[in-house]
K.L.:
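Below you'll find the structure I mean.
Just so we're on the same page: letters track the sequence lines, and every chain starts at 1.
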Amino acid sequence: MYEHKEIEKKWQKIWEEKNVFQTQIDKAKEKFYMLVEFPYPSGVGLHVGHARVYTASDVQARFRKAKGYNVLFPMGWDAFGAPAEQYAIKNHIHPKQAVEENIKVFKGQMQSLGLSIDWSREFSTTDPDYYKWTQWQFLKFQEAGLAYKAEKEINWCPTCKTGLSNEDAQGGVCERCGTKTTKKLKNQWMLKMSSYADKLLDGLKDTQFLDKVKNAQINWIGKSIGASVNFPIKDTEDFLEVFTTRPDTLFGVTFMVISPEHPYLKKYENQIENLEEIKADQEEAKAKTEIERTDATKEKTGIQIQGLTALHPITHKEIPIWISDYVLINYGTGAIMAVPAHDDRDYAFAKKFNIPIIEVIEGGDIQKEAYVEDGLHVNSEFLNGLNKEEAIDTMLEYLKENNLGKKTVNYRLQDWIFSRQRFWGEPIPMIHCPSCGWVPVPEKDLPVVLPDVESYEPTETGESPLANIKDWVNVPCPKCHAPAQRETDTMPNWAGSSWYWLRYTDPKNDQQLASEECLKYWGQVDLYDGGMEHATRHLLYARFWNIFLHEQGLVPYSEPFLKRISHGMILGPNGEKMSKSKGNVVNPNDMIREYGADALRTYEMFIGDYSKDAAWNENGLKGCRKFLTRVWNLQEKVIESNENTKSIENILHKTIKKVTEDIENLDYNTAVSALMILLNEMEKQPTITTKDYRILLLLLNPFAPHVTEELNERNHLGDLLCVSAWPMYEEAKMQDETYTMVVQVNGKVRGKISVLTDTKEEEMEKLAKEIPNVQNFIEGKTIVKVIVVPQKLVNIVVK
RNA sequence: GCCUGGAUGGCGAAAUUGGUAGACGCAAGGGACUUAAAAUCCCUCGGAAGUCAAAUUCCGUGCCGGUUCAAGUCCGGCUCUAGGCACCA
């Protein structure tokens, strides 16, 4: 009887006691670094979706190990940040304690899945031994001038009472709690990520990320090439600088628009005649949420600034300046030149406020809509008659020569807002001294450890809860020893996950973030599995961080991840995302208890294309359990022999090849299917040999590691499977003596015949024409052509 | 609106990159074993026509067209759908 409970417990214990999955550097072997995104240990435990991802990674790790690689397959915990803090507040416990409890649950569940993780490398981002190095690396950014403090209008979540990066506030809602975000001016630590935009783009060439992942990153970075143009402001020495991707349309400019946050509104306050009206508008813009402001479908609003007028840089005509919130302060220069004839938004704005529209490119009907296509330029002096590309080049040349502007590149990517007003994060290791300014905490004083406190709830003022802990905040300045104060903001929870894969290579090192030897040997991650939701933010932060460390000579590789794949989600049985409120949550614990981890693993690999979402179906799981039971029952047919059974030798070798290639290509579903086919064939045999059986078990082992080990042991087939080599296939044994030759007439199948594999083309054609049903279709017709594809088919074309 | 993918039986899906569409599994129906059920095993299973049963034929991979001896696969144009970006100048 196949009793999964005892078997699984037994083998998990054996693996642990023998330290089978502990990994050391072994230069004689090629390494394989399998990384899967470490989880955020929440209170609810593992999801069956987690089980899918970890199983797939485990299949990969076990397979590579059997193939002779020295495999690194580590796991840790990403445990800083809002959710742990919220959970702790709700349950009235310290976040540290909450994290410990949750980790215990997660780890227990992972162990019950039988994952071949090297647990000796485990750590949490919240361990002071770990975040010491996160802080240390922040100081490296600071030293390099890449960390700076800036008064920034930031996305503010009124519920979490914290600043959010653009990445955390996508669509104008707080990533964690879903509240609409507002704006708030705050002095924040920033990391100069934007200056790495080109490096982040170029580096993609050295990776094998999925195209959709690469594309998501390219979009996010949002590089656009254009020109900055200076428009003189009438009666001043000043200029209004704009960014445009269409300098060729410069002669079509009929107005300009600046963002409500543009500094000139303050600078020329005294000159502006309708200042009150403008100020009211500014207030309004501030009150609007990001989502309201960026709703492209809504009617444009705007006010013309009286008393402040620009001049066209070439024609010197007067151009009115408007203020409108469709122009964003954090992109380009916060000001645009508007060409209503050839831009949709400018067109809508001009129509609404009756601003003239000048056509400068032929081809459209500017009475009806803005014409954004290419065409010949008109009304454009020296650009007349040129198409878009030529006109852009000519204009850029002209602007440069006349000192009116220049070619410019702009990015959507912004600097990384690195401050959070929270308790549960890595303290930013900086001290503010009244006379020395910001002073880094000396290396010897790291880590700056979070204090043990009673209350870690956010403050009403928006200051971090740490600000209230005077003992902790007040320290002497490291430079002049005068009374000074610690930074009370903490790091975003993206910080800890921006270098964790490096730490796995050398997790206990107390001298360095990881030794050079370990970093060199384990090097880049060979395969990094994670969700599509992390394809932009986490992956960009991590790459930015790694590229920086590489430039500092701290890590040997510029790109951290060689290959990035993304997995699909497991949906509820109804095809919807699993959620408590929908009542469609499947708990992996229940499934393991009832069907066993091996069945669950096999099912989750068989469920469908790994990169795609899949709906849960318990009957499918039952089917996989049945498959394992049949593998179990097959032992009754096993006879002792060092040979393969002749009648299944062919399919055996084909299956080895198929499973090997499928696992390499992450086609887990077809690998399982190939094993089912092999089992079907084996069951048809009166007996199978011990050699046959061991091959089946070896191939199945990555998917169902416990039951295969048990069967291997019970039938005395050889060494533990988890330390045995992957079986090899021989092409010679895969050759078929015959094959089914397909015969078509005019491309339609009219007959099939079994022929010898080495049948010559002429013979194939002759045999094809002899098939009675084929004759029915060619009789009385003229044969125009005969196509013969050796070892496949014959197609007779008749008229 | 722009950038990626995807669409195949009742369901999850396969298909060597142009060569037998639907492997494998689930569900369903029929049968065996059993006092019975569960478990297990065997058979059928895209639709239609045809037949005692077959053979066989026609239709069929989101829609319309094209290339080719041959198209789920390639090309052009749509529709729907998932994900990413989005008043980004």
K.L.:
Would you indicate whether the side-chain heavy atoms of A/Phe353 and A/Gln304 approach each other to under 4.5 Å?
P.N.:
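Answer no - side chains too far apart.
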K.L.:
Sugar-phosphate atoms are those with a prime plus P, OP1 and OP2; base atoms are the rest. Using that split, label each nucleotide of nucleotides 2-13 of chain B B, S or - for protein heavy atoms under 4.0 Å, 5' to 3'.
P.N.:
-SS-------BS
K.L.:
With a 4.0 Å limit, can you tell me whether A/Ser224 has a side-chain N or O closer than that to the phosphate oxygens OP1/OP2 of B/A89?
P.N.:
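A/Ser224 to B/A89 OP1/OP2: side-chain N or O found under 4.0 Å.
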K.L.:
Pick the C1' atom in B/G18 and in B/U61, then give their distance to the nearest Å.
P.N.:
15 Å
K.L.:
Which part of the nucleic acid, if any, lies within reach of A/Gly623 when heavy atoms closer than 4.0 Å are counted: base, sugar-phosphate only, or nothing?
P.N.:
sugar-phosphate
K.L.:
Can A/Asp346 and A/Lys351 be counted as an ion pair, charged N to O under 4.0 angstrom?
P.N.:
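Salt bridge absent between A/Asp346 and A/Lys351.
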K.L.:
Should A/Lys748 be listed as having a side-chain N or O under 4.0 Å from OP1 or OP2 of B/C59?
P.N.:
yes
K.L.:
May I ask you to say what A/Lys214 touches in the nucleic acid, namely base, sugar-phosphate or nothing, with a heavy-atom cut-off under 4.0 Å?
P.N.:
nothing
K.L.:
What is the distance from atom CZ of A/Phe243 to atom CE of A/Met337, rounded to the nearest 0.5 Å?
P.N.:
10.5 Å
K.L.:
Considering only atom P, compute the distance from B/G60 to B/A54 and round it to an integer number of Å.
P.N.:
24 Å
K.L.:
Rounding to the closest angstrom, what is the interatomic distance between B/G6 and B/U73 at atom C1'?
P.N.:
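Each nucleotide's C1' atom is 14 Å from the other's.
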K.L.:
Are A/Arg630 and B/U40 close enough that a side-chain N or O sits under 4.0 Å from OP1 or OP2?
P.N.:
no
K.L.:
What is the glycosidic conformation of B/G66: syn, defined as within 90° of 0, or anti?
P.N.:
anti
K.L.:
Sticking with atom P, work out how far B/C78 lies from B/C2, rounded to a whole angstrom.
P.N.:
10 Å
K.L.:
Contact class for A/Leu793 vs. all strands (heavy atom < 4.0 Å): base, sugar-phosphate, or nothing?
P.N.:
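Base, at least one base atom sits under 4.0 Å.
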K.L.:
Once hydrogens and angles are ignored, does a donor-acceptor distance under 3.5 Å link the base of B/G84 to the side chain of A/Gln217?
P.N.:
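Looking at the base of B/G84, it does not pair with any donor or acceptor on the side chain of A/Gln217 (distance under 3.5 Å).
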K.L.:
Distance check: side-chain N/O of A/Arg625 vs OP1/OP2 of B/G25, anything under 4.0 Å?
P.N.:
no
K.L.:
Could you check how far OH of A/Tyr595 sits from C1' of B/C26, rounded to whole Å?
P.N.:
13 Å
K.L.:
If you write RNA chain B from 5' to 3' in dot-bracket form, with Watson-Crick or G-U pairs under 3.5 Å, [ ] for crossing pairs and | for pairs with another strand, what do you get?
P.N.:
(((((((..(((......[....))).(((((.......))))).((((......))))..(((((..]....))))))))))))....
K.L.:
Would you mind telling me which residue lines up with the more 5' stretch of RNA chain B, A/Asn795 or A/Ala674, judged by nearest nucleotide?
P.N.:
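That would be A/Ala674.
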K.L.:
Are A/Arg625 and A/Tyr2 in a cation-pi setup, meaning NZ or CZ lies under 6.0 angstrom from the ring centre and within 45 degrees of the ring axis?
P.N.:
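Checked: cation-pi criterion met.
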K.L.:
For nucleotides B/G31 and B/U79, find the distance between their C1' atoms and express it as a whole number of Å.
P.N.:
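Their C1' atoms lie roughly 46 Å apart.
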K.L.:
Cation-pi between A/Arg564 and A/Phe209: NZ/CZ under 6.0 Å from ring centre and within 45° of the ring axis?
P.N.:
no
K.L.:
Remember a base hit wins even if backbone is also touched, and classify A/Asn680 as base, sugar-phosphate or nothing at under 4.0 Å, heavy atoms.
P.N.:
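Answer is sugar-phosphate: A/Asn680 comes under 4.0 Å of backbone atoms only.
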K.L.:
Collect all protein-nucleotide pairs involving nucleotides 27-29 of chain B in which both atoms are nitrogen or oxygen and the distance is under 3.5 Å.
P.N.:
none

K.L.:
Between A/Arg412 and B/A89, is there a contact of a side-chain N or O with OP1 or OP2 at under 4.0 Å?
P.N.:
no
K.L.:
If you measure from the C1' atom in B/A15 to the same atom in B/G22, how many Å do you get, rounded?
P.N.:
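The answer is 9 Å between these two C1' atoms.
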K.L.:
Students often get this wrong, so: under 4.0 angstrom with heavy atoms, is A/Asn633 touching a base, only sugar-phosphate, or nothing?
P.N.:
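Contact class for A/Asn633: none.
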